[in-house]
There are 2 protein chains.
Amino acid sequence: MEYVGTALAEMTMPQISPLAGEPIERADAERLAGVLKALADPARLRLLSLIQSAPEGEACVCDLTAPLGLSQPTVSHHLRILTEAGLLEREKRGVWAYYRLVPTAIATIADLLTPPRKRATKKAR
Amino acid sequence: MEYVGTALAEMTMPQISPLAGEPIERADAERLAGVLKALADPARLRLLSLIQSAPEGEACVCDLTAPLGLSQPTVSHHLRILTEAGLLEREKRGVWAYYRLVPTAIATIADLLTPPRKRATKKAR
DNA sequence: CAGCAGCATCGACCCGCCTGCATATCAGCA
DNA sequence: TGCTGATATGCAGGCGGGTCGATGCTGCTG
């Protein structure tokens with residue numbers, strides 16, 4: 001636990017080597033696997049989708065428990081994992097805790113998976 | 001096991017709902033989570049990277065055991081999971097089994113994660 | 001201040017998975 | 001045919017993770 005930082009930030013900033021080019025390093029593989037592990041769960045994917053498609057792009061736990069069919073502690077558990085992975089951000093307003101997507105988090109993961117293609121190669125232009 | 005089909009194919013063809021727009025369905029979430037689960041492992045990420053960066057874009061088990069530092073059965077196990085997920089394809093030539101990336105498999109996953117952006121919307125061009 | 005509602009945390013159970021060892025299978029070769 | 005080497009499979013141990021019930025914590029309200 002005590003690891004409440006954003007795992008994604010560690011990948012985004014020091015530019016983790018994407019799944020392309022030369023063989024990926026062991027440490028990079030573990031970091032990327034960690035974030036992917038947060039995504040690789042049906043309940044968490046549905047949570048992300050529900051939050052993203054919610055009225056203001058945000059939702060509190062009480063709104064998510066019913067659609068998922070999971071207990072409130074379990075939902076909080078998943079939200080915690082997604083938050084620690086850097087995919088969600090939490091804002092507490094009054095008694096409610098509102099979660100929303102971190103803007104470019106998922107897109108960043110997608111970019112790490114896809115090879116050069118058209119993005120990374122246009123650096124020294 | 002007997003489930004040797006490609007999980008990715010089930011997503012690509014009937015066009016699984018991406019992680020955007022309206023809330024994702026439970027079945028779609030499970031399929032997508034299944035493929036992501038195959039990716040969410042350091043050893044498998046390194047395997048994909050090693051194979052992709054190999055001379056001919058292909059590699060046999062004996063070439064992958066040493067770099068990973070895992071036993072041969074374990075490497076075969078991971079290759080099997082990646083193959084069943086639709087990320088790798090296997091070709092047996094003589095005594096060796098050569099693995100190579102399924103061309104657009106990973107890119108497909110990346111597209112499923114990222115919202116509209118520029119791809120899906122430019123169909124009628 | 002007492003009561004209540006929304007969330008987070010804890011403890012526990014159970015299942016799935018990563019790993020290695022042992023073994024089976026199969027192709028090439030003497 | 002029998003042997004050797006490259007892979008795949010079976011089996012078992014150990015650990016991590018998903019789930020829930022119970023509980024603690026914190027604002028809001030009467």
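Mapping A/V61 and A/K37 onto DNA chain C by nearest heavy atom places A/V61 closer to the 5' end of the strand. Mapped onto DNA chain D by nearest heavy atom, A/H78 and B/C60 fall at different nucleotides, with B/C60 at the one closer to the 5' end. A residue-by-residue look at A/R93 and B/L79 shows that B/L79 has its nearest nucleotide of DNA chain D further toward the 5' end.
Checking the phosphate oxygens (OP1, OP2) of D/dA8, a side-chain nitrogen or oxygen of B/S76 falls inside 4.0 Å. In terms of phosphate contacts, A/Y99 brings a side-chain nitrogen or oxygen within less than 4.0 Å of OP1 or OP2 of C/dA8. Under 4.0 angstrom from either OP1 or OP2 of C/dC18 there lies no side-chain N or O belonging to B/T74.
In this structure, B/L47 atom CG and D/dT7 atom C1' are separated by 14 Å, rounded to whole Å. The distance from atom CD1 of A/I81 to atom P of C/dT9 is 12 Å, rounded to the nearest whole Å. Rounded to whole angstrom, the span from the CZ atom of B/R90 across to the C1' atom of C/dC26 amounts to 11 Å. Between the CG atom of A/L82 and the P atom of D/dG17 there is a distance of 14 Å, given to the nearest Å. If you take CG of B/L70 and C1' of D/dA8, they are 16 Å apart, rounded to a whole angstrom. Nucleotide D/dG16 holds its C1' atom 12 Å from the CG atom of B/D41, rounded to whole Å. When rounded to the nearest whole Å, the span between CH2 of A/W96 and P of C/dC4 equals 17 Å. Straight-line distance from the CD atom of A/E91 to the P atom of D/dT26: 19 Å, rounded to whole Å.
Picking from D/dT19, C/dG6, C/dT9 the nucleotide with the shortest atom distance to the side chain of A/R80 gives C/dT9. Listed candidates were D/dT9, D/dA22, C/dG20. Nearest to the side chain of B/P73 is D/dT9.
Judged by distance alone with a 3.5 Å cut-off, no donor-acceptor contact links the side chain of B/Q72 to the base of D/dA6.
With values rounded to the nearest 0.5 angstrom, B/L47 atom CG is found 11.5 Å from B/L87 atom CG. Here the CD-CD distance, from A/E25 to A/E30, works out to 11.5 Å after rounding to the nearest 0.5 Å.
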Original post:
Under the side-chain contact (heavy atoms from CB on, under 4.5 Å) criterion, do A/L68 and A/R46 qualify, and how do the steps go?
Top reply: CA-CA 8 Å; A/L68 276 187; A/R46 296 181 67 197; 3.6 Å; yes
**OP:** Check step by step if side-chain contact (heavy atoms from CB on, under 4.5 Å) holds for A/L39 and A/R44.
**Re:** CA-CA 6 Å; A/L39 269 180; A/R44 291 196 282 270; over 6 Å; no
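In summary, B/E58 and B/R93 engage in a salt bridge, as defined by a charged side-chain N under 4.0 Å from a carboxylate O.
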